[in-house]
Amino acid sequence: MLVSTLREAPGDAAIISHKLMFRAGLIRKLSNGLFAYLPMGLRVKRKVEQIVREEMNAIGAQEFLLPVVVPGEVWKESGRWTTMGDGMLKVKNRLGQDLVVSPTAEEAITSVIRDELFSYKQLPIVAYQIQTKFRDEIRPRYGVMRGREFTMKDAYSFHGDDKSLDEVYANFARAYRNVFRRCGLTVIPVSADSGAFGGSGSEEFMIESEIGDNTLILCKKCGYAANDEKAGCASDIALDKDGNPQKPTTLPIEKVACAGVETIVQMEEFFKMPASQFIKVLIYRVENSEIDFSSAPGGKSFKKDGNVYPEVFVAVAIRGDLDVNEAKLAALLKASAAELADEENVIKYSGAPHGFVGPVGLTNVPLIVDFSVMEKTDDGFKINVHDTVTGGGVADFDNIHVEPGRDFVPFLTGDIRTVKAGDICPNCGEPFFTKKGNELGHIFKLGTKYAKALKAKFLDENGKEQTPTMGCYGIGIDRTVASIIEENNDENGIIWPMSVAPFSVAVVPIKGEQDSLALAEELYGDLQKRGIEVLLDDRNERPGVKFKDLDLMGIPLRVVISDKTLPDAEVRMRKTGEVEKIPLKEVADFVESTVRSQMESYK
Ligand code: ATP
Ligand code: MG
């Protein structure tokens with residue numbers, strides 16, 4: 001066996017799992033985001049895959065295997081050929097045909113299933129695979145946590161009705177909890193749905209991590225848990241500087257010359273008011289919106305392409321102390337993306353440069369307003385901030401005494417702010433706290449989007465043609481392996497949970513008067529016969545070197561046979577450091593029962 005332990009981690013390894021995967025000889029780097037698994041690493045990866053496979057089979061999912069390289073054709077059918085962006089690797093073969101290196105497989109599976117599906121009697125169909133994916137990530141980092149090539153368990157379900165989808169979705173939610181528990185991980189399931197509590201349309205399985213890419217918004221009172229990309233909050237009412245709710249003003253708008261006062265901080269100084277008294281207005285470029293803008297200011301000039309506007313510009317107003325969440329804005333506008341407009345378009349649509357855009361007198365763009373400013377109600381507006389300061393709508397001027405509702409009315413209002421710690425839970429009114437997390441898995445109700453686009457159909461009980469509704473469900477295998485290390489290590493190395501350890505036990509003979517190697521080989525053979533995964537460290541190294549390596553590799557049990565231990569063997573637990581002397585004859589029994597009982601605890 002190739003044992004490739006290192007004393008030092010490579011310089012680019014910033015997190016513990018990345019360092020330990022290199023040092024323990026689990027992986028090597030071929031290029032940025034491209035890793036080779038060495039035998040020790042592959043054994044762990046296969047263990048995780050097997051746990052996932054067992055839990056998938058247990059909920060009646062069936063294993064498929066799709067090719068990694070798929071025809072561009074199916075991606076053109078779904079429309080994602082153009083919308084996936086540069087993350088998707090496209091190639092042309094010698095015949096000039098377009099091919100895609102799969103970043104995910106909704107298209108491929110739907111194109112397979114549509115040829116097999118005829119009748120409602122076949123439904124539901126639940127397919128999964130454990131297969132290579134490629135995403136040309138902009139910033140691959142933290143080793144296999146975010147690679148370019150990685151292994152994903154991806155699953156797809158097809159249903160005759162929503163009830164069936166709900167059932168299978170719930171099965172996946174349960175299976176995912178089992179998978180992570182069996183891997184020795186503590187996950188936080190969060191809603192990845194915009195909107196209501198328990199949002200049942202999409203859930204992400206997060207693991208708490210200092211280097212997490214996601215901010216989790218959590219409520220300790222009612223258990224609300226959401227990704228901050230999607231988290232909602234109760235709208236609050238801005239207070240004046242004495243802590244009282246603000247009052248409407250009867251004063252007319254007044255223009256104030258304020259050249260050079262552009263940022264919120266500069267405004268706070270200049271006007272001697274808190275940022276919560278300002279309304280900032282930003283111009284956004286929005287892609288593929290399904291909202292009907294025809295009656296909005298400027299809306300008539302937008303070009304519609306079928307049901308969507310490929311590109312529209314909107315003005316977004318929000319309280320000065322808050323930030324716009326682009327994902328929530330895009331969701332509100334039923335759009336695929338929203339990003340800040342460039343300066344040229346800011347001036348074109350608002351008449352003022354960035355920093356002086358205001359909500360009053362906008363005739364060229366629809367105005368979208370966050371709930372922090374006002375909410376549309378059945379009979380008008382609920383105003384949440386009064387007597388405000390805003391951009392003046394021309395360079396170098398601001399407006400004071402601006403009253404929402406009186407001085408401007410929005411085309412649309414919504415909750416589009418970035419929720420932070422301290423904001424108010426929409427369910428129970430408790431202030432939120434936050435944690436950083438990494439996404440290990442994701443379950444998602446897709447609806448009929450892909451089935452419709454790829455023309456998958458079936459005949460229902462009445463012989464009527466219907467489109468199946470779908471769900472999709474992913475787990476990152478490599479990211480799971482790395483996360484297990486993040487949660488299970490000490491200064492000496494990895495501490496594998498028994499369920500995923502590359503070997504359960506290492507037998508280490510130490511040279512001396514007695515033939516410890518022969519005794520070790522005998523024990524090794526005995527354990528193998530019992531089905532225990534055992535490593536025999538018969539390297540010609542000093543004991544200290546062997547012990548260090550085995551600790552680094554995280555093998556749960558170590559059995560030492562030497563002149564000092566005989567007629568006993570010394571058994572040591574990696575996790576606790578506990579040492580027991582066991583008569584050599586009984587060691588196999590002891591090891592087998594320890595391994596089996598620890599395995600059992602992860603069932
Ligand atoms: P992220 O937000 O981290 O980029 P994602 O939301 O794009 O992930 P999904 O499309 O939901 O990921 O994929 C399912 C799972 O695949 C993720 O939960 C994650 O565990 C894994 N995964 C995604 N991208 C990578 C990557 N670049 N490297 C390793 N694992 C990944
Ligand atoms: Mg995801």
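Indexing begins at 1, ligand by ligand and atom by atom, following the structure's order.
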Numbering as shown, the atoms of ligand 1 that approach Glu137 to under 4.0 Å (heavy-atom distance): 24 (N), 26 (C), 27 (N)

Lys420 bridged to Asp321 by N-O distance under 4.0 Å: no

Nearest non-hydrogen protein atom, atom 1 (P) of ligand 1: Arg146 NH2, 3.6 Å

Test item, Thr104 contacting ligand 1 (heavy atom, 4.0 angstrom): no

Atom indices of ligand 1 within 4.0 angstrom of Gly441 heavy atoms, with elements: 18 (O)

Charged N-O contact under 4.0 Å between Asp370 and Arg319: no

Residues Asn307 and Glu290: side-chain donor-acceptor under 3.5 angstrom: no

Distance-only donor-acceptor check, side chains Tyr128 and Asn57, under 3.5 Å: yes

Subset of ligand 1 atoms that lie under 4.0 Å from at least one heavy atom of Leu440: 18 (O), 20 (O)

Contact atoms of ligand 1, heavy-atom distance to Val144 under 4.0 Å: 29 (C)

Atoms in ligand 1 with a heavy atom of His442 nearer than 4.0 Å: 11 (O)

Subset of ligand 1 atoms that lie under 4.0 Å from at least one heavy atom of Gly476: 15 (C), 16 (O), 20 (O), 21 (C)

Option of least heavy-atom distance to atom 9 (P) of ligand 1 (set: Arg135, Glu149, Glu204): Arg135

Exercise: identify the closest heavy-atom pair between Cys233 and Arg417: SG-NE, 3.5 Å

Residue, atom name and distance, where the atom is the protein heavy atom closest to atom 17 (C) of ligand 1: Glu439 OE2, 3.3 Å

Ligand 1 contact on Arg479 by region, counting heavy-atom pairs under 4.0 Å: side chain

Stepwise side chain to side chain donor-acceptor pair (under 3.5 Å) test for Tyr156 and Asp154: CA-CA 7 Å; Tyr156 308 90; Asp154 45 330; 2.7 Å; yes

Met152 N/O under 3.5 Å from ligand 1 N/O: no

Atom 30 (N) of ligand 1 [closest protein heavy-atom partner, distance rounded to 0.1 Å]: Phe150 CD1, 3.5 Å

Among Ile188, Ile477, Ile475, Leu185, the one residue meeting side-chain contact (heavy atoms from CB on, under 4.5 Å) with Leu440: Leu185

The Mg ion (ligand 2) reached by Glu204 (N, O or S, under 2.8 Å): no

His18 and Phe35 aromatic ring geometry - parallel, tilted or perpendicular at 30°/60° bounds: perpendicular

Residues Asp161, Lys163: salt bridge by 4.0 Å N-O rule: no

